[in-house]
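Quick notes on the structure that follows.
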Amino acid sequence: MFQTERQIIETKIKTFCAANGIPLAALEWKPIPFSGEWGFSTSFFGTAAAEARLGKKVVVAQRAQEIAEQVKNQVSDVPGIRRVEAVKGYLNLYFDTQEYTRRVVDTVLEKKNRFGSGPATGQRVMIEFSQPNTHKAFHVGHLRGTILGDAICRILEFAGNEVVRANYPGDMGLHVIKWLWGYLKFHDGEEPATDIAKWMGEVYAEAAHRIEENPDLEAELRALYARWDQRDPEIVALWERTREWSLEGFRQMYAALDVRFDVYYFNSQEEKPGKEVVEELVRRGIATDERAQGGAVIVKIDEVLGLTKEQFRTAVVLRSDGTALYSTEDLALALHKFRDYPDLAKSVYVVDVRQSLHFTQVFKILEIAGHAQAQKCSHVSYELVTLPGNVVVSSREGTVVLLEDLLREATTRARAEAHKKNPSLTEAQLESVAKAVGLGALKYPILARENTKMVTFDWQTALDFNGQAAPYIQYAHVRCNSILRKAGGLPDVGPDVGCSTFDYELNPAEIQLIDMISRFPGEVQRAAAEYKPLAIASIAYDIAKAFAGFYDACPVVQAEPQVRAARLRLVAATMQTLANSLALLGITAPEVM
RNA sequence: GCCCCUGUAGCUCAACGGACAGAGCACCUGCCUUCUAAGCAGUAGGUUGUGGGUUCGAAUCCCGCCAGGGGCGCCA
């Protein structure tokens with residue numbers, strides 16, 4: 001946001017160093033740790049160290065400070081920079097806060113819901129995420145991939161990319177066969193009632209249990225799989241009907257979570273193309289068909305690549321009975337995506353960490369087969385959600401917290417809390433607040449965490465509406481709105497409408513707030529580059545916290561007319577930035593709560 | 001046996017190789033005639049698992065070790 005000044009100063013520093021034979025290291029700019037003022041800084045340790053390496057006898061820290069002091073004199077009269085200081089080897093440049101505050105606030109109010117967005121990159125990116133299995137329960141374990149993938153899509157789009165949101169439900173596989181078997185055997189003819197997904201999950205869990213108790217039944221399963229593979233009309237019809245029940249359940253779930261998709265792929269559709277890919281791999285000698293010896297079709301990747309140390313290992317790409325595996329289908333799907341969208345710059349898979357080897361194998365095999373698209377494929381992995389005591393969420397073990405239950409509980413709790421805090425809310429307001437707060441409380445802790453870190457789900461944390469959580473940020477947004485409402489909206493500032501004027505000594509809390517708002521666009525870029533919603537979750541909280549400090553320290557509505565006008569614009573800018581950041585997380589910013 | 005991830009305050013987590021390692025929760029002390037207290041201010045809490053190395057500078061990069069989790073030819 002302050003590129004111009006930065007450029008001028010960099011040029012001056014470079015000129016000075018060149019003229020004095022100082023081997024300037026690359027300049028990196030960072031915000032100054034907050035001390036009531038606002039600015040940016042760079043250090044000269046690298047430069048001093050470079051001198052030392054060249055044989056000059058210096059104590060690095062001391063020399064860095066010397067250089068900083070010399071440079072300081074060169075840049076003391078840059079317009080817009082109020083003060084320059086050299087401290088501990090750092091050169092600190094403090095903004096003319098009035099000028100910059102005006103600039104930041106005006107930018108936000110001008111760009112509105114586009115504030116923080118990046119310029120169009122011209123790149124189309126596909127993000128595949130969620131991948132629920134039909135015929136199974138949708139539980140907290142699935143929540144993370146769905147929420148994370150959705151946030152990544154929102155962030156990449158905002159950062160300037162064209163995003164294709166892809167879902168890839170697992171609608172065929174051993175689990176589905178198991179379900180169909182259980183249904184035919186114990187629930188034939190039954191129809192799902194209200195909680196479809198829940199009922200589907202129960203049927204599956206029962207089938208899984210029966211088979212575990214009596215392994216002899218597995219023969220029946222294999223027979224059923226064979227009937228499917230030969231497309232026995234009766235089985236296909238049953239599969240189509242019951243699959244639709246699940247998909248309907250998913251649609252309801254996604255609507256409740258405020259998540260949408262542009263395209264659906266189904267692994268059942270990739271079975272045949274996948275087998276064709278495998279056949280070709282065998283023909284070309286990349287895959288080895290061991291079926292004659294009772295084995296499967298495999299790709300000895302390390303051997304094919306001539307590696308002596310095991311790295312990519314061996315991948316099974318087709319079962320010995322000729323039925324398709326996920327790897328079979330993923331080979332075809334990867335190519336399928338590029339046929340549908342030939343201009344994809346990236347094809348990203350948001351899938352949990354356990355599939356890491358699987359995806360490196362799939363992408364490597366495609367690369368070996370000469371498909372250049374493979375290099376555009378990447379796996380963004382995330383850790384699992386576990387239950388307290390490190391219990392893995394499993395529909396088979398019955399250790400599940402169903403998403404329906406979670407959503408219902410969160411909403412109910414949020415509703416009760418909202419009613420308690422603000423009894424004046426109407427029924428309709430309560431309704432929307434409950435949804436926004438309940439959902440936000442659910443999403444935020446998942447997103448405000450490194451993807452590589454495990455999330456332990458427990459009800460207490462999930463439903464804690466205090467502290468560093470979505471409701472805190474939403475509340476800041478509500479308070480902004482409340483101030484603007486009380487003040488009757490933004491004031492007309494005369495002929496210079498659209499220009500904020502901060503002609504008074506700014507309170508440190510105001511400067512802190514402005515500082516945080518100005519960092520938002522940079523965080524968007526970082527979050528997009530690293531597929532890291534955490535960066536947005538953090539800055540959103542930082543802005544909310546800064547606002548809470550401002551709210552406490554700086555009266556707005558009752559302030560002097562000039563101060564009031566300026567602060568109202570700052571409040572409006574804060575509200576906008578909070579809304580933008582929450583939107584990137586898929587969290588609603590309510591007007592009241 | 002090989003590979004990946006994690007280890008930071010009592011707990012849950014931040015920290016882009018840079019200044020004094022920061023938040024929340026829990027605990028304790030204050031603050032609602034004043035823009036919504038889902039809030040604010042303050043106290044306390046640390047040998048960043050461990051031993052080396054690189055660097056002017058390491059929680060961060062490299063190597064070893066310890067501990068926990070995950071993955072390794074027919075689950076998805």
Side-chain angles (χ1 to χ4, degrees), chain A residues 28 30 32-33 41 43-53 58-64 87-90 92 131 133 170 173-175 267 288 290 295-300 309-311 313-321 323 325-327 329 351-358 360 381 383-384 386 390 392 414 417-418 420-422 424 437 445 448-450 452-456 460-461 464-469 471-472 474-476 478-487 522 526 530 534-535 537-538 541-542 545 548-549 551-559 567 571 592-593:
Chain A
E28 278 180 37
K30 302 207 162 199
I32 305 169
S41 71
S43 76
F44 293 94
F45 297 112
T47 303
E51 282 188 339
R53 273 194 295 276
V58 293
V59 177
V60 170
Q62 223 174 69
R63 177 61 184 151
V87 180
K88 296 178 190 171
Y90 286 83
N92 291 341
Q131 305 104 342
N133 281 329
L174 221 46
H175 71 281
N267 74 323
T288 315
E290 297 184 337
V297 180
I298 60 175
V299 180
K300 299 175 182 169
K309 266 175 77 174
E310 60 178 355
Q311 187 182 347
R313 300 169 184 269
T314 297
V316 178
V317 292
L318 198 66
R319 285 201 189 90
S320 50
D321 65 2
T323 54
L325 288 158
Y326 249 64
S327 54
E329 294 153 356
V351 186
D352 81 63
V353 67
R354 293 174 300 184
Q355 323 293 341
S356 295
L357 180 60
H358 165 76
T360 47
S381 74
E383 260 294 353
L384 300 179
T386 59
N390 213 0
V392 176
E417 196 73 6
K420 199 173 80 190
K421 304 275 187 193
N422 190 351
S424 67
V437 171
R449 182 163 313 220
E450 205 71 59
T452 52
K453 290 219 172 127
M454 212 112 74
V455 172
T456 305
Q460 213 185 346
T461 315
D464 188 356
F465 298 154
N466 293 311
Q468 185 167 4
Y472 179 92
Q474 293 170 314
Y475 185 60
V478 165
R479 297 219 283 194
C480 288
N481 186 51
S482 180
I483 291 175
L484 293 173
R485 196 179 52 235
K486 280 260 158 60
R526 194 173 144 225
E530 299 173 24
L534 166 63
S538 294
Y541 174 73
D542 288 341
K545 184 152 177 63
Y551 185 91
D552 204 58
C554 307
V556 178
V557 177
Q558 299 151 1
R567 283 185 177 162
V571 169
V592 290
M593 67 189 268

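Only heavy atoms go into these numbers, but all of them, side chains included; no hydrogens, no water, no symmetry mates. Letters A, B, ... are given to chains in the order of the sequence lines, protein chains preceding strands, and every chain is numbered from 1. Since this is a predicted model, take the numbers as computed values, not measurements.
Between A:V571 and A:L484 there is a side-chain heavy-atom pair separated by less than 4.5 Å. Contact check for A:T288 versus A:V299: no side-chain heavy atoms found under the 4.5 Å cut-off. A:N466 is not listed as a side-chain neighbour of A:Y472, based on a closest heavy-atom distance of 4.5 Å or more. Counting heavy atoms from C-beta outward, A:M593 and A:N422 have side chains that stay 4.5 Å or more apart.
For B:rG42, the base adopts the anti conformation, since its glycosidic angle falls more than 90 degrees from zero. In this entry the base of B:rC32 is syn relative to its sugar, with a glycosidic angle within 90° of 0.
Formation of a donor-acceptor pair under 3.5 Å by the A:S538 side chain with backbone atoms of A:L534 is found in this model.
Looking at heavy-atom distances under 4.0 Å, A:Y541 makes contact with sugar-phosphate atoms alone, never a base. Across all strands shown, A:A418 has heavy atoms under 4.0 Å from base atoms, whether or not it also approaches the sugar-phosphate. A:C480 comes within contact range of no nucleotide atom at all, as no heavy-atom separation falls under 4.0 Å. At the heavy-atom level, A:S41 lies under 4.0 Å from base atoms of the strands shown. Contact annotation for A:Q311: no contact, since no heavy-atom pair falls under 4.0 Å across all strands. Residue contacts shown for A:L534 are limited to sugar-phosphate atoms, with no base heavy atom under 4.0 Å away. Within 4.0 Å of A:M454, counting heavy atoms only, lie sugar-phosphate atoms of the nucleic acid but no base atom. Backbone-only contact: A:T452 has heavy atoms under 4.0 Å from sugar-phosphate atoms and none from a base. At a threshold of 4.0 angstrom between heavy atoms, the contacts of A:D352 with the nucleic acid are absent. A:G89 comes within 4.0 angstrom of nothing in the nucleic acid, heavy atoms only. Among the heavy atoms of the strands lying under 4.0 Å from A:R313 is at least one base atom, whether or not backbone atoms are also near. Among the heavy atoms of the strands lying under 4.0 Å from A:N422 is at least one base atom, whether or not backbone atoms are also near. At the heavy-atom level, A:K30 lies under 4.0 Å from the strands shown only through sugar-phosphate atoms. Counting any heavy atom pair closer than 4.0 Å across all strands shown, A:V556 reaches a base atom.
What separates CG of A:L325 from P of B:rC72 is a distance of 13 Å, to the nearest Å. Rounded to an integer number of Å, the gap from A:E310 CD to B:rC2 P is 9 Å. Counting to the nearest Å, the P atom of B:rG22 and the CG atom of A:D542 are 14 Å from each other. As rounded to whole Å, 15 Å separates atom P of B:rC32 from atom OH of A:Y551. In this structure, A:L357 places its CG atom 12 Å from P of B:rC4, rounding to the nearest Å. Taking atom CG of residue A:N466 and atom P of nucleotide B:rG24, one finds them 12 Å apart after rounding to whole Å. To the nearest angstrom, C1' of B:rA15 lies 16 Å from NZ of A:K545. Atoms CD (A:Q468) and C1' (B:rG39) sit 15 Å apart, rounded to a whole Å.
Atom SG of residue A:C554 and atom CD1 of residue A:I483 lie 10.0 Å apart, to the nearest 0.5 angstrom. In this structure, A:E329 CD and A:L318 CG are separated by 10.0 Å, a value rounded to the nearest 0.5 Å. Between atom CG of residue A:L325 and atom CG of residue A:N267 there is a gap of 11.0 Å, rounded to the nearest 0.5 Å. Between A:Q131 atom CD and A:D352 atom CG the span is 9.0 Å, to the nearest 0.5 Å. Going from atom OG1 of A:T360 over to atom CZ of A:R313 covers 10.0 Å, rounded to the nearest 0.5 Å. With values rounded to the nearest 0.5 angstrom, A:L384 atom CG is found 7.0 Å from A:M454 atom CE.
Nearest to the side-chain atoms of A:E450 among the listed nucleotides B:rG39, B:rA14, B:rC75 stands B:rA14. When distances are taken from the side chain of A:K486 to each of B:rC40, B:rG70, B:rC35, the shortest belongs to B:rC35. In this structure, of B:rA38, B:rA15, B:rU12, it is B:rA38 that holds the atom nearest to the side chain of A:P471. Relative to the side chain of A:N92, the nucleotides B:rC40, B:rA19, B:rC13 differ in distance, and B:rA19 lies closest.
Nucleotides B:rC32 and B:rA41 have their C1' atoms positioned 14 Å apart, rounded to a whole Å. For the P atom pair drawn from B:rG64 and B:rC2, the interatomic distance equals 11 Å after rounding to whole Å. To the nearest whole angstrom, the two P atoms, one in B:rA37 and one in B:rC27, are 22 Å apart. Annotation: B:rU6 and B:rU43 have their P atoms spaced 34 Å apart (nearest Å). One P atom belongs to B:rC40, the other to B:rC3, and the distance between them is 48 Å to the nearest Å. Taking atom P on both nucleotides, B:rA23 is separated from B:rC63 by 34 Å, rounded to a whole Å. Across the C1' atoms, B:rA9 and B:rC61 are found 25 Å apart, a figure rounded to whole Å. Taking atom C1' on both nucleotides, B:rC31 is separated from B:rG68 by 44 Å, rounded to a whole Å.
Judged by distance alone with a 3.5 Å cut-off, no donor-acceptor contact links the side chain of A:S356 to the base of B:rC4.
Not one side-chain nitrogen or oxygen of A:K453 sits closer than 4.0 Å to the OP1 or OP2 atom of B:rU12. A close approach under 4.0 Å does not occur between any side-chain nitrogen or oxygen of A:R479 and OP1 or OP2 of B:rC35.
Residue order along RNA chain B, read from the 5' end via each residue's closest nucleotide, puts A:F465 first among A:F465 and A:K300. When the nearest nucleotides of RNA chain B are assigned to A:L484 and A:R354 by heavy-atom distance, the more 5′-ward of the two goes with A:L484.
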| query | Could you run down nucleotides 54-64 of chain B 5' to 3' and tag each one B, S or - for protein heavy-atom contact under 4.0 Å? | reply | -SB--------
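In secondary-structure terms, RNA chain B builds stems of at least 3 consecutive Watson-Crick or G-U pairs, each pair having both distances under 3.5 Å, at B:1-7 with B:66-72, B:10-13 with B:22-25, B:28-31 with B:39-42, B:49-53 with B:61-65.
In plain terms, the two heavy atoms of A:R63 and A:E51 that are nearest each other are NE-OE1, 2.5 Å. Minimum heavy-atom separation, A:V316 to A:A296: CG1-CB, 3.8 Å.
Within a 6.0 Å radius of CD in A:E28, other residues, nucleotides and ligands contribute 12 heavy atoms or fewer.
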